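Treat the numbers as computed from the prediction; the structure is a model and nothing was measured. In what follows, residues are counted from 1 in the order of the sequence shown.
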Amino acid sequence: MSGDREMYICNASDYLEMFSAMVIGWQHLQMATAAQKALDAGSDDKDFYTGVVKTAGFYCRRSIPKAIAIAAILKSNERTALDYEEAWF
């Protein structure tokens, strides 16, 4: 895709969706790491920290695979939207 501005513009929303899922997943992992440390230290707020860990697991199992699938589409250089001809409308 090097230098193909139209391709970048065409895929802009996919890039945003993929990177936002990855960044939010990274934030969940940071929170889960801190929560697990609190649980390991014997925190009195076990339910809260367990919820943080479980939420991170849910997010990573549900959203990260979608981001990986979007990355595969982006890597494929799929051009259908760019190759449409005006007469097809």
Self-check item: Any donor-acceptor pair under 3.5 Å from Glu78 side chain to Thr80 backbone
Solution: yes
Quiz item: Any donor and acceptor pair, going by atom type alone, linking the side chain of Ser43 with main-chain N or O of Leu39 inside 3.5 Å?
Solution: no
Self-check item: CE-CG distance between Met18 and Asn11, expressed to the nearest 0.5 angstrom
Solution: 10.0 Å
Quiz item: Which heavy atom in Glu17 sits nearest to a heavy atom in Ile70, and how many Å separate them?
Solution: CD-CD1, 3.4 Å
Quiz item: Rounded to the nearest 0.5 Å, how far does OH of Tyr49 lie from CG of Asp40?
Solution: 12.0 Å
Quiz item: Do Tyr8 and Leu74 belong together in a cluster built from hydrophobic side chains that touch within less than 4.5 Å?
Solution: yes
Quiz prompt | Partner residues of Asp83 under the salt bridge (Lys or Arg N to Asp or Glu O under 4.0 Å) criterion, sequence neighbours left out | solution = Arg79
Practice problem: Check whether any side-chain N or O of Ser76 sits under 3.5 Å from a backbone N or O of Ile73 as a donor-acceptor pair, and report yes or no. | Solution: yes
Practice problem: If the plane angle is over 60° it's perpendicular, under 30° parallel, otherwise tilted; pick one for Trp88 and Tyr84. | Solution: perpendicular
Quiz prompt | Closest approach of Val53 to Ala32 (non-hydrogen atoms, all atoms of both residues) | solution = CG2-O, 3.9 Å
Quiz item: Are the side chains of Ser63 and Ile24 in touch, meaning some heavy atoms are under 4.5 Å apart?
Solution: no
Quiz item: How far apart are the closest heavy atoms of Ala21 and Ile64, and which atoms are they?
Solution: O-CD1, 3.6 Å
Exercise. Check Val52 against Met31 and note the closest heavy-atom contact, atom names and distance.
Key: CG1-O, 3.7 Å
Practice problem: Enter the distance from Thr55:OG1 to His28:NE2 here, rounded to the nearest 0.5 Å. | Solution: 7.0 Å
Exercise. Return the minimal non-hydrogen interatomic distance between Cys10 and Ala81, and the atom names on each side.
Key: SG-CB, 3.8 Å
